[in-house]
Undergrad: 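One structure follows; several queries about it will come next.
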Amino acid sequence: MAEILGEKGIVKLLLGNEAVARGAIEAGIDVAAGYPGTPSTEIIEALIPAARELGFYVEWSTNEKVALEVALGAAISGLRGLAVMKHVGLNVAADTFMSIGYTGVRGGLVIVSADDPNCHSSQSEQDNRIYGMHAYIPVIEPYAPQEAKDATVYAFDLSEKYSTAIMLRLTTRISHTRGPVVFGDLRRRRTRGNFIKDPSRWVLLPVFSRKLHVKALERISSIAKEFSNFPLNKIVQMNPSDEGIIASGVAYGYVMDALNMLNLRDKVSVLKLATPYPIPNDLIISFLKRLKRVLIVEELEPVVELQVKDLVVREGISVEIKGKEYVPRVLELNYVKVAKAIAEFLGLQFIPPRVEEENLPPRPPVFCPGCPHRATYYIIKRAVASEKVNAVYLGDIGCYTLGVNPPFRATDTSYCMGSSIGLSMGIFRATDQFPIATIGDSTFFHAGIPALINSIYNRSGILVVVFDNLITAMTGFQPHPGTGVSALGQKARTIAIEDIAKAIGVNFVKVIDPYNINESVKIMREAIAFVLKNKEPAVVVSSRECALRAYRRILKSGKSIKRYFIDENVCTKCLTCINTFACPAIMIKDNKVVINSDLCIGCGVCKQVCPYNAIKEVV
Amino acid sequence: MDLIITGVGGQGVLTLGTIVGNCFLEMGYDVRVAEVHGLSQRGGSVLVHVRAGEKIFAPTISAGYADLLIALEGIEGARYVNYLKKNGDAIINNEIIPPPLPGISIPSLKNIKDVIKKYKVTYYFVDASSIARKLGNIRVTNVVMLGVALGLKLLPFEREQVVRVLRTYIPKKYLDINIRALDAGIVAGRDIVSR
């Protein structure tokens, strides 16, 4: 049975993301769509098995904009839609998102934005609560898994009540923290929606938009009133001193632990906030009026702080508001950072334990043993060296971004999904260097195709290498249009990347198997020569199943994998394998180069890399 | 109780966190297990925070406050020993997995021990990976380590309780070897105590 299914009253230790999925089915979700991205992925993943049992619809969309539009379509037809993405995914969906702020919805629409303070798995720490403010879309941020479930149910109800989308803003420490979650009732789903035609609501022509803008502002001010009675906003303690704290989202947890550490639980007043936009004016005014100094504790941007300061000025309340003077604006918080901030705010001393950093080798994420991306980079580097081109590597978002690390150092830029191909064309226009765009399969479908069309339309001499491992690997193997299967496990039409490239009009399109080094280097060299000669794009699709998946499949089938060893009588210790290929399974042990059989999955590529044929198959 | 579990991506750090979290939940505690997902799992350093008590507010443990550290790998144990509070306990697997970066020097087990010794903590080094290999699957190292913590009485769980949780979270095919791993770990832990 799906992890999130079960009777009312059951308690399970769920990830915050799973709790959101449970909340969605308790709210009677009809349509859910998302694009995988850490830390948001497990919401859709948890919904998939539940959808099979309950009969609602879930999909992995090609990108976040499409996902949002699929969920929106359901919501403007009177059903309940859920769109799920990571924070930077909302940048992709922003065009639609901003328009939803004007039109509102008819059924329920909840947009999950899983933000990533600390950049655990992201290019930025952007705080999407600001997006809510930008689009007049209310934002709810829970502080723990149980609250994440409750907030999801409330969000759907509010969405319908006010005909507005709601942003459910999570952060990594909510999404990826397990906590006990008490299951509630599953509400019955509606059957079919019905889209009611009304151009004045759904057609954003200027004549309608101007009126909808006014309506959006009215809507948000009614919600600000409603939020004063929102069950997850509350004054949790009121103490006789003049000092108080407003804590939003996950910061509430850190504040309570910090107050316990500082022995201040019975001295400082605390307002717990779960709606950073719009702030609940009446509740906040009643809190501020009883105090002289208030500290706002929130992660990242001063979203609540700016609104509270605005409120204080407008209402003429005499209270001193502090926030980012004491609370860090970068990285995620913890109770020590918050205890420090509170102590400084109160003029107290707090000395946390001294923490030494030990001088140890770093352990950044690396390509797994057998990863086809490692082989592809090896092939590119060999071809580039042979053709003697001055390559600039425009990278993209996926496991292959790790190509930035030694020994490859073959990722010179990485901005956002799909940006490799676009950037490579700018490099082509601006320099005499040789632009190589490296992009993954799922990223290609997500945002690479318009850029590739541009390279034909505006004839650009670029080499595009698609790192095709047949799945969205980095986030944990979600299928995509090239995989041949849907989120719900149904067979889907497979869209081949090379077919798209050919259809667009790329004249050099080749597919290589990165496990076949010599043949692949030859084709890669031809591609480079083609680009140099014709000043037009070439596409090489380097296609091989993700090694982790291949390995699991082999294990499941009961077959054994090939084993390799390094013949120490032949090995010259030239270290070519370690210095140019760097598979984690090859290591130096007792002054010998050895293959660690705990790690090796038998891809056999190192055998082709060794210049002395010292790597041999175990027979 | 505040517990840090660390190791290298692929060693089963997350699974161990879930098992421990569920054992605490069974005992009626409030629990948080803060995990790391996504890219950093790919052979990277993995750190899981487990908190259990009457009422838990914050999802993570700050450095200098953990009661117990369980390290499935030596370098990671040394890296995160600074999470322990004074007089905390560390259980460290006698296994070094070298980060596959060209040209770095890899600390020896002795170097690792020297780092740990600098701290005012009680530490136990155990051959969990060897035990797992003898049982026939290196991947049960995590449950061996859990057994050691039980044997040392550093986690308040009964064997039967852990077995119940394993039944829920481990695929049937691997259940038997995981129970044997737990038992072997408990024996190893008790051996340390009796020494």
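What you see is a predicted model, and the numbers here were worked out from it, not measured in a lab. Proteins come first, then strands; the chains are lettered A, B, ... in the order of their sequence lines, and each starts at number 1.
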Undergrad: Does atom CZ of B/Arg159 have more than 12 heavy-atom neighbours, drawn from other residues, nucleotides or ligands, at distances under 6.0 Å?
TA: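 Correct, the count exceeds 12.
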
Undergrad: To the nearest 0.5 Å, what is the distance between OG on B/Ser62 and CG on A/Asp257?
TA: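 Rounded to the nearest 0.5 Å, the OG-CG separation comes out at 8.5 Å.
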
Undergrad: Under a 4.5 Å heavy-atom cutoff, which of A/Thr177, A/Ile586, A/Asn596 has the most pairs with chain B?
TA: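 Of the options given, most contacts go to A/Thr177.
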
Undergrad: For the pair A/Arg363 (side chain) and B/Ile97 (backbone), establish whether a donor and an acceptor sit closer than 3.5 Å, ignoring hydrogens and angles.
TA: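 Such a contact is found between A/Arg363 side chain and B/Ile97 backbone.
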
Undergrad: Under a 4.5 Å heavy-atom cutoff, which of B/Lys55, B/His49, B/Arg133 has the most pairs with chain A?
TA: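 Top option by heavy-atom pairs under 4.5 Å: B/Arg133.
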
Undergrad: Check whether A/Leu15 gets within reach of chain B through its side chain, its backbone, both or neither, counting any heavy atom under 4.5 Å.
TA: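 For A/Leu15, the contact with chain B is made by the side chain alone.
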
Undergrad: Looking at B/Ala34, B/Gly21, B/Gly64, which has the largest count of heavy-atom pairs under 4.5 Å with chain A?
TA: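 Looking at each of B/Ala34, B/Gly21, B/Gly64 in turn, B/Ala34 comes out on top.
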
Undergrad: Look at B/Ile138, B/Ile104, B/Ile106, B/Val48 and state which one has the largest set of heavy-atom pairs under 4.5 Å with chain A.
TA: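 Answer, by heavy-atom pair count under 4.5 Å with chain A: B/Ile138.
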
Undergrad: Heavy-atom cut-off 4.5 Å, strictly under: side chain, backbone, both or neither for B/Tyr119 against chain A?
TA: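 Only the side chain of B/Tyr119 comes within 4.5 Å of chain A.
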
Undergrad: Which answer fits A/Pro369, side chain, backbone, both or neither, if we ask what part of it has an atom under 4.5 Å from a heavy atom of chain B?
TA: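 Neither part.
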
Undergrad: At a 4.5 Å cut-off on heavy atoms, which part of A/Glu358 comes close to chain B: side chain, backbone, both, or neither?
TA: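 Side chain only.
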
Undergrad: Count the heavy atoms belonging to other residues, nucleotides or ligands that lie under 6.0 Å from NZ of A/Lys340, then report whether that count exceeds 12.
TA: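 12 or below, so no.
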
Undergrad: Quick check: do B/Leu25 and A/Lys12 have side-chain heavy atoms less than 4.5 Å from each other?
TA: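 No, their side chains stay 4.5 Å or more apart.
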
Undergrad: Are the side chains of A/Pro145 and B/Arg32 in contact, using a 4.5 Å heavy-atom criterion?
TA: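 A side-chain contact exists here, since the closest heavy-atom pair is under 4.5 Å.
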
Undergrad: How far does OG1 of A/Thr172 sit from CD of B/Glu35, to the nearest 0.5 angstrom?
TA: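 These two atoms lie 12.0 Å from each other.
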
Undergrad: Between chain B and each of A/Pro361, A/Gly16, A/Pro584, count heavy-atom pairs under 4.5 Å; write down the option with the most.
TA: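 Of the options given, most contacts go to A/Pro361.
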
Undergrad: Does any backbone or side-chain atom of A/Pro39 lie under 4.5 Å from a heavy atom of chain B? Answer side chain, backbone, both or neither.
TA: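 Contact with chain B involves no heavy atom of A/Pro39 at all.
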
Undergrad: Does the pair A/Tyr254 and B/Thr60 meet the rule for a side-chain contact (heavy atoms from CB on, under 4.5 Å), with working shown?
TA: CA-CA 9 Å; A/Tyr254 299 127; B/Thr60 55; 3.7 Å; yes

Undergrad: Given heavy-atom pairs under 4.5 angstrom as the criterion, report whether the side chain, backbone, both or neither of B/Thr18 touches chain A.
TA: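 For B/Thr18, heavy atoms of backbone and side chain both lie under 4.5 Å from chain A.
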
Undergrad: Considering residues, nucleotides and ligands other than B/Tyr124, do more than 12 of their heavy atoms fall under 6.0 Å from its OH?
TA: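 Yes, enclosed.
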
Undergrad: Tell me if the aromatic rings of A/Tyr335 and B/Phe57 count as close, with their centers under 6.0 Å from one another.
TA: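 Centroid separation for A/Tyr335 and B/Phe57: 6.0 Å or greater.
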
Undergrad: Which bit of A/Val250 comes within less than 4.5 Å of chain B, counting heavy atoms only: side chain, backbone, both or neither?
TA: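 Looking at A/Val250, just its side chain touches chain B.
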
Undergrad: Is it the backbone or the side chain of B/Ile112 that comes under 4.5 Å from a heavy atom of chain A, or both, or neither?
TA: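 The side chain, not the backbone.
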
Undergrad: Which bit of A/Asn260 comes within less than 4.5 Å of chain B, counting heavy atoms only: side chain, backbone, both or neither?
TA: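 Contact with chain B involves the side chain of A/Asn260 alone.
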
Undergrad: Among B/Val50, B/Asn111, B/Asp30, B/Ile61, which residue forms the greatest number of heavy-atom pairs with chain A at distances under 4.5 Å?
TA: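 Most heavy-atom pairs within the cutoff with chain A belong to B/Ile61.
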
Undergrad: Heavy atom to heavy atom, less than 4.5 Å: which residues from residues 66-86 of chain B reach chain A?
TA: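 When heavy atoms of chain A are the reference, residues 66-86 of chain B contributes B/Glu73, B/Ile75, B/Glu76, B/Ala78, B/Arg79, B/Asn82 within the under-4.5 Å range.
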
